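Bear in mind the structure is a predicted one, so any value in this text is a computation, not a measurement. Chain letters run A, B, ... following the sequence lines, proteins first and then strands; every chain starts at 1.
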There are 2 protein chains.
Amino acid sequence: MCSTLGYALLGLLARQPRTGYELTQLLRAPIGYYWTASHSQVYPELAALEADKLVGHRVIVGPGPRDTKRYRITAAGRRALATWAARRPDTTVNRDELMLKVYSLWTVDPTRAREMIVAQREADAATLLHYQRMERSMRQEHGRAPADPTTPEFSSYATLRRGLSFQTHVIAWCDWLLDALTTTPRV
Amino acid sequence: MCSTLGYALLGLLARQPRTGYELTQLLRAPIGYYWTASHSQVYPELAALEADKLVGHRVIVGPGPRDTKRYRITAAGRRALATWAARRPDTTVNRDELMLKVYSLWTVDPTRAREMIVAQREADAATLLHYQRMERSMRQEHGRAPADPTTPEFSSYATLRRGLSFQTHVIAWCDWLLDALTTTPRV
DNA sequence: TAGCACATGTAACTCGTTACATGATTTG
DNA sequence: CAAATCATGTAACGAGTTACATGTGCTA
């Protein structure tokens with residue numbers, strides 16, 4: 001019915017009405033952890049969603065320099081979102097540039113390869129720390145982990161759990177690789 | 001110096017000379033697990049690599065219906081590849097449609113949501129099984145796991161380990177989510 | 001007074017996919 | 001003899017990024 005970006009925007013608008021500017025920011029974080037878009041893509045997509053009657057907008061003559069459009073999801077938009085969310089994505093195309101580099105890492109001097117992987121591990125550790133802080137603040141707000149799967153909080157928590165698991169395993173893999181690069185059998 | 005696809009092709013050609021057709025097939029598997037391209041992208045990219053003197057080709061007048069071009073990496077190509085492989089990718093853009101769907105899974109009836117995640121889990125389990133078979137056959141060929149990081153076999157093994165770890169954790173996350181969707185507090 | 005946050009839009013370009021186009025050899 | 005495999009290329013289109021364009025109000 002609409003593009004993936006369209007569903008990303010509907011997913012945000014299902015939680016609360018937003019302006020194009022706000023949506024653009026949310027597409028950096030937290031949505032940006034698994035889907036990104038720049039504002040030059042957001043504004044045309046909102047127009048397309050509106051043409052399909054999946055969202056509507058009201059002009060807010062706020063204090064800003066220009067009029068702001070506050071978008072709101074329609075009943076049809078909500079139905080389209082739920083239908084899309086309930087259908088498993090067809091085999092995702094994995095694009096992992098790091099793996100592509102590792103596939104050719106044998107052409108690199110092991111010492112330099114180690115440096116690269118160490119830097120990668122550090123970046124992943126920083127991301128993990130960030131996710132852990134997010135989890136702590138989420139638990140503090142709620143007292144415990146969100147458990148009702150019909151609330152937006154539960155969905156957010158589920159994606160966060162995935163991020164935590166992902167970063168943890170990537171770091172473990174980096175450690176294995178670093179070990180293999182260090183205890184190399186070259187004499 | 002060239003596009004990511006260019007480095008993917010150089011990575012394959014660094015292991016052995018190939019025709020455009022063969023490269024296209026390898027971009028489905030095993031490279032396709034983390035980078036894909038169709039033949040309509042491969043042939044122009046090979047021409048671009050040749051214009052940059054990173055690869056060269058010889059025409060093989062084989063038994064086929066038309067002449068085959070066998071591409072071979074040049075010394076400059078090998079240097080470009082090693083330089084690229086040793087540099088950590090700048091923060092990868094993660095596009096994970098499943099996570100985008102989970103972010104809006106709260107709008108879906110938990111029973112249907114469960115069905116979706118069960119199907120996803122099954123697909124991931126099948127992929128894991130496939131990776132496990134690949135690992136077994138790799139160990140059989142070598143007697144043990146490849147340990148010399150200056151061999152293509154080691155690089156291949158490292159990416160395989162990543163795939164195994166990734167699938168294992170994704171399945172565990174699916175199980176956690178399925179449990180949360182089942183023991184829902186709605187009375 | 002310089003720069004940033006707010007706020008929206010268009011244009012040019014790259015990357016990637018699907019469809020169009022051709023045609024011989026092998027296999028069921 | 002029909003279909004798959006081998007083998008290479010172009011065209012049209014969609015998705016996504018960077019750069020271009022405009023302009024106010026607040027803060028350091």
To the nearest Å, give me how far apart CD (A:E45) and P (D:dG16) are.
9 Å
Among residues at least two apart in sequence or on other chains, which ones pass salt bridge (charged side-chain N to carboxylate O under 4.0 Å, His left out) with A:E22?
A:R70
Could I get the full list of salt bridge (charged side-chain N to carboxylate O under 4.0 Å, His left out) partners for A:E135, not counting sequence neighbours?
A:R139
Residues forming a side chain to side chain donor-acceptor pair (under 3.5 Å) with A:T151, sequence neighbours excluded
none
Sorted by chain and number, sequence neighbours left out, side chain to side chain donor-acceptor pair (under 3.5 Å) with A:S156 holds for A:R15
Only distances under 3.5 Å count here; give the side-chain donor-acceptor pairs of residues 77-88 of chain B to other protein atoms, sequence neighbours excluded, each with its distance to 0.1 Å.
unit_1	atom_1	unit_2	atom_2	d
B:R78	NH2	B:A14	O	2.9
B:T83	OG1	B:R79	O	2.9

Of all residues at least two apart in sequence or in a different chain, which pass the ring pair (Phe, Tyr, Trp, His ring centres under 6.0 Å) check with A:Y131?
A:Y33
For B:T36, check side chain to side chain donor-acceptor pair (under 3.5 Å) against everything at least two apart and list the hits.
A:R95
May I ask you to list the residues sharing a hydrophobic cluster with B:V170, side-chain cutoff 4.5 Å, ordered by chain and number?
A:F166, A:V170, B:F166
Tell me whether the NZ or CZ atom of B:R161 lies within the 45° cone about the ring axis of A:W173 and under 6.0 Å from its centre.
no
Short N/O separations, protein against nucleotides 16-18 of chain C, under 3.5 angstrom:
unit_1	atom_1	unit_2	atom_2	d
C:dG16	OP2	B:Q41	NE2	2.9
C:dG16	O5'	B:Q41	NE2	3.4
C:dG16	O3'	A:R95	NH2	3.1
C:dT17	OP1	A:R95	NH2	3.3
C:dT17	OP1	B:T36	OG1	3.4
C:dT17	OP2	B:Q41	OE1	3.3
C:dT18	O4	B:S40	OG	2.6

Rounded distance (Å) that lies between atom P of C:dC6 and atom CG of A:D67
17 Å
Rounded to 10°, the helix from C:dT1-D:dA28 to C:dG28-D:dC1 deviates from straight, judged by its five-pair end axes, by 30°
Please determine whether a side-chain nitrogen or oxygen atom of A:Y43 lies at a distance below 4.0 Å from atom OP1 or OP2 of C:dT8.
yes
Summary of side chain to side chain donor-acceptor pair (under 3.5 Å) pairs that have at least one residue in residues 47-60 of chain A, sequence neighbours excluded
A:E50-A:H57
Near DNA chain D, which residues from residues 8-29 of chain A have a heavy atom under 4.0 Å away?
none
